[in-house]
Amino acid sequence: MKRRFFLSTSAISAAVIATAVTGMPAKADLPPLIPRAVLFGNPVKASPEISPDGKLLAYLAPDRNNVLAIWVRTIGKSDDHLVATDPKRPIRNITWQPDSKHVFFEQDKAGDENFHVFQTDLATLRKRDLTPFPGVRAGIDDVDPSHPGVMLLDMNRRDKRVFDVYRVDLKTGGLTLDTQNPGNVAGWVADNKMQIRAAVRNNDDGSTEILVRDTVASPWRTLLRASADDQITPESFSADDTALYVSSSLGVNAAQLVRYDVKSGASTVVYADPTFDVGGVATDPRTHKVVAVNVERDRSEWQALDPAYEADFAAIKRLHAGDVTFTSATSNGRRWVVSYLVDNGPVSSYLYDRATKRGKFLFVSRPALLKYTLAHMQPITYAASDGLTIHGYLTLPVGVAQTNLPMVLFVHGGPWARDNWGYSPYPQWLANRGYAVLQVNYRGSTGYGKQFLNAGDRQWAGTMHQDLLDAKAWAVSQGYADPKRVAIMGGSYGGYATLAGVAFSPDAFTAGVDIVGPSNLNTLLASIPPYWSTGLAQFHKRMGQDPAFLNTQSPLFKAEQIKVPLLIGQGANDPRVNKRESDQIVAAMRKNNEPVEYVVFPDEGHGFARPENNRRFNAAVEAFLGKYLGGRVEPPAPDESIQAFLH
């Protein structure tokens, strides 16, 4: 008979909880438990967006059914009212229509990522699906107060593999094909007249080109070309539409902000950092002038490019502690909504007035967090086995000796992404339970220059995996971590890293938690969404292409080496990492009589959007880690049972 290891509400016995409580010394000195409902439930308010005319504020908040929805209030009043909701799935984005009388949002079904674009009339609350086509994915490309009656959106209606640009009449909802994709364009850029004037073309050899045209009637031509080892990303047209700002690593290691003249191709470096890639720009909504650039170092930093904005950035920095995000602005550019990210508290948002250089507090996203003690997140570096410097973040529990702790190595997804400084519910939750939490931007992560990114090519189970082993070794050598009580956990690529960690290095970790992670790289690549076709050459460059090689990188084929407990979470409708990826590794482990708990949510995709599912799964994670590592456990609430989702 096959052994089945699973966790239900009734299985969290007093003995398990007692083991968790007594497994770590000095636990009484930890601050009070932060309830999972506070960490992973809905925010009270989030994502504030000011209307173009500056009179209204839209934000996300729960409706009466506790589903995240769009609310609007008059600035300076308390007339908050619900304007758009979905009966089951949280809405997670807001865009204002230029007339300040409608809002847009993008929404999928049960995590399938076939997003539709919806328009809601604030006066009548009428909701209209602007892209009512089954199996089609759409997204907002451009709205502009100077062109209040139209919107540009992209959609793969004609060909599921690529996205064409459509022009929408916002009064009638009529769609007109604006720019047809020739078959290899991965992205479009509109100029300030809402004309598609730039495109990113991905070639079969992995190279990238930025195409431009003088008018919509002119032929496309190549402005610049980058090999597969370089990165070029268009950011914005100049105010007069004669130049294109591009994040470019051509001729350098770290991507710079470069201004290219569209006609001549002449270039000027606007901003550069020797180590870190530029991360985006801010533009004035009235003049369309690029006024600032962002660089993500250990923390996010903004640099004013226009001297007229230096006083504003200084005033914003004084207004509140933390790293700044610019979320929205009025059409005249006078009033901005700015949000502040700190490491040990909720996000705070303010309304900033450029004329007075003063800000007015709006709200914090999760006020219940303010009564709890949260941990600080500290940037760290360590040398990998081959000498490469790796950056990351360490979060240590408060109130106990910060030595010889149980630790969770929490691995980010992507993998072509990075962890950032600032509040995140996961490290705070784990630290509150008594764990050290180490997050590392292993090679292949973005933001640290092309050499660091390219060092991860074909290294999913090689040096990228070794970077994580080196991270554990660093934490142990520094005295933070008990080498016998280290778990590995992550989602997407982080889920893969978990499977690779326990399969390729079976003695390295005490337990693993895999969330929507691939187990077989061949079946992963065979099942990616059709609209990822323009990026397939980059997948092959980064991951490899030969089936035999990909098998050597796949944890599924080393499943017999797994000997530590594993908890796996999966969304049934995941379009990126098909449920088959989790099914395969679970079947292999059960065939080998190895302990695995498998949770599948039928209404989720790539990750868990519904807070109730997050809470259910994290209750299981908490009990799992408490059992095997000895951290604190908050007993599951009645609505946190995973019994119905066990497979």
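As a basis for the values below, the full set of heavy atoms in this structure was taken, side chains included, without hydrogen atoms, waters or symmetry mates.
The two residues Leu468 and Leu409 come nearest to each other via the heavy atoms O-CD2, 3.6 Å. Of all non-hydrogen atoms in Leu30 and Ala431, the two that sit nearest each other are CD2-O, 4.5 Å. Summarising the geometry of Trp336 relative to Ala329, their closest heavy-atom pair is CD1-CB, 3.6 Å, with the distance given to 0.1 Å. A pairwise comparison of heavy atoms in Tyr628 and Ala511 identifies CB-CB, 4.3 Å as the closest pair. Smallest separation of non-hydrogen atoms from Val513 and Leu566: N-CD1, 4.4 Å. Between Arg418 and Arg297, the shortest heavy-atom distance links the atoms NH2-O, 3.0 Å.
The shortest side-chain heavy-atom distance between Tyr435 and Val408 falls under the 4.5 Å cut-off. Residues Ser424 and Trp429 form no side-chain contact, since every pair of their non-hydrogen atoms from C-beta on lies 4.5 Å or further apart. Proximity of Asp108 to Asn114: side-chain heavy atoms (C-beta onward) are nowhere separated by under 4.5 Å. Val437 has its side chain out of reach of Tyr426: every pair of non-hydrogen atoms, C-beta onward, lies at least 4.5 Å apart. Side-chain contact between Tyr496 and Pro518 is present, with heavy atoms from C-beta onward closer than 4.5 Å. When side chains are defined from C-beta on, Leu130 counts as touching Met151, because their heavy atoms get closer than 4.5 Å. Tyr598 has its side chain within reach of Ser582: a pair of non-hydrogen atoms, C-beta onward, lies under 4.5 Å apart. Taking 4.5 Å as the limit, every side-chain heavy atom of Ile75 sits out of range of all side-chain heavy atoms of Lys55.
Side chains of Thr523 and Glu581: a donor-acceptor N/O pair is present below 3.5 angstrom, by distance only. For the residue pair Asn294/Ser300, the side-chain donor-acceptor check at 3.5 Å is satisfied. When only modelled atom types and interatomic distance are considered, Ser349 and Ser339 share a side-chain donor-acceptor pair under 3.5 Å. Side-chain contact, Ser445 with His412: a donor N or O sits under 3.5 Å from an acceptor N or O.
Around atom NZ of Lys109, no more than 12 heavy atoms belonging to other residues, nucleotides or ligands sit under 6.0 Å away. The number of heavy atoms from other shown groups lying within 6.0 Å of NZ (Lys101) does not exceed 12. Dense packing is recorded around CZ of Arg89, with more than 12 heavy atoms of other residues, nucleotides or ligands lying under 6.0 Å away.
A salt bridge does not link Arg615 to Glu622: none of the charged side-chain nitrogens sits closer than 4.0 Å to a carboxylate oxygen. We find that Arg73 and Asp79 are not joined by a salt bridge, their nearest charged nitrogen and carboxylate oxygen being 4.0 Å or further apart. The pair Glu106-Arg92 does not meet the salt-bridge criterion, since no charged nitrogen lies less than 4.0 angstrom from a carboxylate oxygen. A salt bridge links Glu113 to Arg576: one of the charged nitrogens lies within less than 4.0 Å of a carboxylate oxygen.
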| request: Show the numbers, then the answer: is there a ring-ring contact (aromatic ring centres under 6.0 Å, His included) between Trp96 and Phe104? | output: CA-CA 6 Å; Trp96 277 100; Phe104 305 118; 9.7 Å; no
| message | Between Val600 and Phe645, does the side-chain contact (heavy atoms from CB on, under 4.5 Å) criterion hold? Intermediate values first, please. | response | CA-CA 5 Å; Val600 179; Phe645 307 100; 5.8 Å; no
| request: Check the pair Leu39, Tyr372 against side-chain contact (heavy atoms from CB on, under 4.5 Å), reporting the backbone distance first and the verdict last. | output: CA-CA 11 Å; Leu39 290 161; Tyr372 294 98; over 6 Å; no
| field | Verdict with supporting geometry, Leu153 and Thr131, side-chain contact (heavy atoms from CB on, under 4.5 Å) | value | CA-CA 9 Å; Leu153 59 79; Thr131 56; 3.8 Å; yes
| said: For Tyr423 and Leu369: C-alpha separation, side-chain torsions, deciding distance, then whether side-chain contact (heavy atoms from CB on, under 4.5 Å) applies. | reply: CA-CA 11 Å; Tyr423 172 79; Leu369 282 175; 3.5 Å; yes
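Judged by the 6.0 Å and 45° rule, Arg137 forms no cation-pi pair with Phe115.
His81 places a side-chain N or O within 3.5 Å of a backbone atom of Val72 that can act as its donor or acceptor partner. Proximity of a side-chain donor or acceptor of Ser328 to a complementary backbone N or O of Ile50 within less than 3.5 Å is detected. Between the side chain of Asp514 and the backbone N or O of Gly569, no donor-acceptor pair lies under 3.5 Å. Asn573 contributes no side-chain N or O that, together with a main-chain N or O of Asp112, makes up a donor-acceptor pair within less than 3.5 Å. Of the possible polar contacts, one joining the Arg366 side chain to the Val38 backbone as a donor-acceptor pair under 3.5 Å is found. Using a distance-only test at 3.5 Å, with no hydrogens or angles considered, a donor-acceptor pair links the side chain of Asn432 to the main chain of Ile34. Panel note: side chain Arg128, backbone Gln119; no donor-acceptor pair is recorded below 3.5 Å. Between the side chain of Gln428 and the backbone N or O of Asp343 there is at least one donor-acceptor pair closer than 3.5 Å. Judged by distance alone, with hydrogens and angles left aside, the side-chain atoms of Trp421 form no donor-acceptor pair with the main-chain N or O of Pro379 at under 3.5 Å. Under a 3.5 Å cut-off, the side chain of Ser641 and the backbone N or O of Gln643 do form a donor-acceptor pair.
Shown here are the side chain to side chain donor-acceptor pair (under 3.5 Å) partners of Asn520, two or more places apart in sequence or in another chain: there are none. Contacts of Arg610 classified as side chain to side chain donor-acceptor pair (under 3.5 Å), with partners at least two apart in sequence or in another chain: Asp603, Glu612. Residues satisfying the side chain to side chain donor-acceptor pair (under 3.5 Å) criterion with His606, sequence neighbours excluded, are Ser492, Asp574.
The distance from the CD atom of Gln439 to the OG1 atom of Thr395 is 5.5 Å, given to the nearest 0.5 Å. Considering CG of Asn344 and NE2 of His376, their distance stands at 4.5 Å, rounded to 0.5 Å. Between the CZ atom in Phe624 and the CE atom in Met489 there is a gap of 10.0 Å [rounded to 0.5 Å]. For the atom pair Asn614 CG and Glu640 CD, the distance stands at 11.0 Å (nearest 0.5 Å). Note that the CG atom of Leu405 and the CG atom of Leu629 stand 11.0 Å from one another [nearest 0.5 Å]. Taking NZ of Lys45 as the start and CG of Leu362 as the end, the distance is 9.0 Å to the nearest 0.5 Å.
Aromatic ring orientation, Tyr350 versus Tyr340: perpendicular (interplanar angle above 60°, classes split at 30° and 60°). Taking the six-membered ring where the residue is Trp, Tyr493 and Tyr442 present tilted rings, their angle falling between 30° and 60°. Taking the six-membered ring where the residue is Trp, Phe601 and Phe617 present perpendicular rings, their angle passing 60° and hence far from 30°.
None of Ile70, Asn93, Val44, Asn42 except one satisfies the side chain to side chain contact (heavy atoms under 4.5 Å, CB included) rule with Leu60; the exception is Ile70.
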